[in-house]
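Basis for what follows: all heavy atoms, side chains included, without hydrogens, waters or symmetry-related copies. Chain letters run A, B, ... following the sequence lines, proteins first, then strands; residues in each count from 1.
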2 protein chains.
Amino acid sequence: MDNLIKILQSRNIHPSYQRLKILEILEKNKDHMNVNMIFEELLKEIPTISKTTVYSTLSTFAAKGLVHCLTITPEEMKYDYRAKPHHHFLCTRCGAIIDIDVQCPYADTMEIDGHSIEDIQGYFKGTCRECLTHNKTQTLK
Amino acid sequence: MDNLIKILQSRNIHPSYQRLKILEILEKNKDHMNVNMIFEELLKEIPTISKTTVYSTLSTFAAKGLVHCLTITPEEMKYDYRAKPHHHFLCTRCGAIIDIDVQCPYADTMEIDGHSIEDIQGYFKGTCRECLTHNKTQTLK
DNA sequence: TTTCAATTTTGTATTAAATATTATTTTATA
DNA sequence: TATAAAATAATATTTAATACAAAATTGAAA
Ligand SMILES: [Mn+2]
Ligand SMILES: [Mn+2]
Ligand SMILES: [Zn+2]
Ligand SMILES: [Zn+2]
């Protein structure tokens, strides 16, 4: 927990109880959670938590570079808490979002066609390995 | 217009008046329009057009591979009508979405980590060339 | 400690993209 | 022409995200 406090302080984010709990949840489930998943987890420990706080905290985290925002699905934002930049695969059958460690030739580039790059997101979409082998039928839009 | 009919027929899409007009708009403004932009354009020629029709038509076009769906912004879906696959740059200052012709090493790959790829989307985000030179101040979220 | 401003959290209301549902219109076919 | 299927339109609903204001908490000055 002391570790989490330092993480927030190093980014000039006041380590409130709510923010620490949200960071803890992101650390624990290193997946690609949406606001509702985080909110539901929080409810277990902070019954008074407000969804507005989750939105505002994630917005703060994103602004300070603590989390990355994924728009891989059109429904809602997914939040990624992982140090190394990486790409993602979205399975259109089961909805899984899988980390892809590709070596993007622009990963270390700060500029492209004269535009200054601050973030790179690579989205691969298709059918995941699991679904291919199990030959599942359900297909997401 | 005969050309547009053939495009739809070649993909087994019945060339209704509404669909042809939507395709025409997509051809004319080869940009990255959202449903509302297309709807507003349509209203000029088809005052009775329904937004539901725009949604359903674009959904059909996407299913048949006529358009590509971009989730580069979290607000709403953008539709891309261009033959060659390409990547995109989003300027977080002015909101411009610019085509990027990068040579992605996975562009011609159909598989990654055992997952079958059907679509690849590369999103670069930052400050566009225009904004850099004009040093504009407004910043989008 | 007390006071007070700034920050953070919460509750509520609102916005708007997207979908669902049903009715109407158009098209194709027997 | 009659009928079924497909496409369009109108309306209602859902829900992620934001806006706004009130309440609570924090931190520093007095
Ligand atoms: Mn990830
Ligand atoms: Mn494009
Ligand atoms: Zn899958
Ligand atoms: Zn710009």
Side-chain angles (χ1 to χ4, degrees), chain A residues 4-5 8-9 11-25 32-43 45-64 66-67 69-79 92 95 97 139-141, chain B residues 4-5 8-9 11-25 32-43 45-64 66-67 69-79 92 95 97 139-141:
Chain A
L4 297 180
I5 292 178
L8 292 185
Q9 281 173 340
R11 308 241 180 189
N12 285 318
I13 305 170
H14 179 81
S16 71
Y17 181 62
Q18 287 85 345
R19 284 169 177 169
L20 284 169
K21 280 297 167 190
I22 290 174
L23 186 57
E24 194 177 52
I25 288 171
H32 310 99
M33 307 181 85
N34 62 28
V35 163
N36 223 41
M37 291 157 77
I38 296 168
F39 177 69
E40 292 295 334
E41 279 300 307
L42 281 169
L43 275 181
E45 297 199 60
I46 316 177
T48 60
I49 191 77
S50 159
K51 205 172 269 188
T52 308
T53 303
V54 186
Y55 274 105
S56 117
T57 299
L58 289 169
S59 174
T60 301
F61 284 6
K64 303 282 185 173
L66 250 187
V67 296
C69 301
L70 305 187
T71 60
I72 191 167
T73 58
E75 297 85 27
E76 85 271 291
M77 188 77 82
K78 300 286 197 315
Y79 294 88
T92 51
I97 296 174
T139 301
L140 301 178
K141 148 220 49 190
Chain B
L4 297 180
I5 291 178
L8 292 184
Q9 281 172 340
R11 307 237 180 193
N12 285 317
I13 304 170
H14 178 82
S16 71
Y17 181 63
Q18 287 85 345
R19 284 168 177 169
L20 284 168
K21 280 298 168 192
I22 290 175
L23 187 57
E24 194 178 52
I25 288 170
H32 310 97
M33 307 181 87
N34 61 29
V35 164
N36 222 42
M37 291 157 77
I38 296 168
F39 177 70
E40 292 295 335
E41 279 298 308
L42 281 170
L43 275 181
E45 297 199 57
I46 317 176
T48 59
I49 191 76
S50 158
K51 206 172 269 187
T52 309
T53 302
V54 186
Y55 274 105
S56 118
T57 299
L58 288 170
S59 176
T60 301
F61 284 7
K64 304 281 186 175
L66 250 187
V67 296
C69 301
L70 306 187
T71 60
I72 191 168
T73 58
E75 297 86 26
E76 85 272 290
M77 189 76 81
K78 301 287 199 311
Y79 294 88
T92 51
I97 296 174
T139 301
L140 302 178
K141 145 216 49 175

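Taking every side-chain heavy atom of B:V35 into account, C:dA18 is the closest of D:dA17, C:dT10, C:dA18. Here C:dA18 is the nucleotide among D:dT8, C:dT27, C:dA18 with the atom lying nearest to any side-chain atom of B:Y55. Nearest to the side-chain atoms of B:T48 among the listed nucleotides C:dT10, D:dA9, C:dT9 stands D:dA9. Among the nucleotides C:dT9, C:dA28, C:dA17, the one closest to any side-chain atom of B:H14 is C:dA28.
Rounded to an integer number of Å, the gap from B:K51 NZ to D:dA7 P is 23 Å. The separation between A:K78 atom NZ and D:dA17 atom P is 9 Å, rounded to whole Å. A straight line from CD1 of B:I46 to C1' of C:dT26 spans 14 Å, rounded to a whole angstrom. Per the geometry, CG belonging to B:L43 stands 14 Å off C1' belonging to D:dT8, to the nearest Å. B:K21 has its NZ atom 17 Å from the C1' atom of D:dT8, to the nearest Å. Taking atom CD1 of B:I13 as the reference point, atom P of C:dT27 lies 17 Å away to the nearest angstrom. Whole-Å rounding puts the B:E75 CD to C:dA17 C1' distance at 11 Å. In this structure, the CG atom of A:L58 is 14 Å from the P atom of D:dA16, given to the nearest Å.
In this structure, the separation between CD1 on A:I38 and OG1 on A:T53 is 12.5 Å, given to the nearest 0.5 Å.
Both B:T52 and B:R19 lie near DNA chain D, and the one whose nearest nucleotide falls closer to the 5' end is B:R19.
OP1 or OP2 of C:dT10 sits under 4.0 Å from a side-chain N or O of A:Q18. The phosphate of D:dT8 (OP1 or OP2) has a side-chain N or O of B:S16 nearer than 4.0 angstrom.
Under a 3.5 Å cut-off, the side chain of A:T60 and the backbone N or O of A:S56 do form a donor-acceptor pair. With hydrogens and angles disregarded, no donor-acceptor distance shorter than 3.5 Å links the side chain of A:T57 to the backbone of A:R19.
A 4.5 Å side-chain heavy-atom check between A:L42 and A:I22 finds at least one atom pair inside the cut-off. Contact check for A:E24 versus A:K21: side-chain heavy atoms found under the 4.5 Å cut-off.
If you check every strand for non-hydrogen atoms under 4.0 Å, B:S56 touches nothing.
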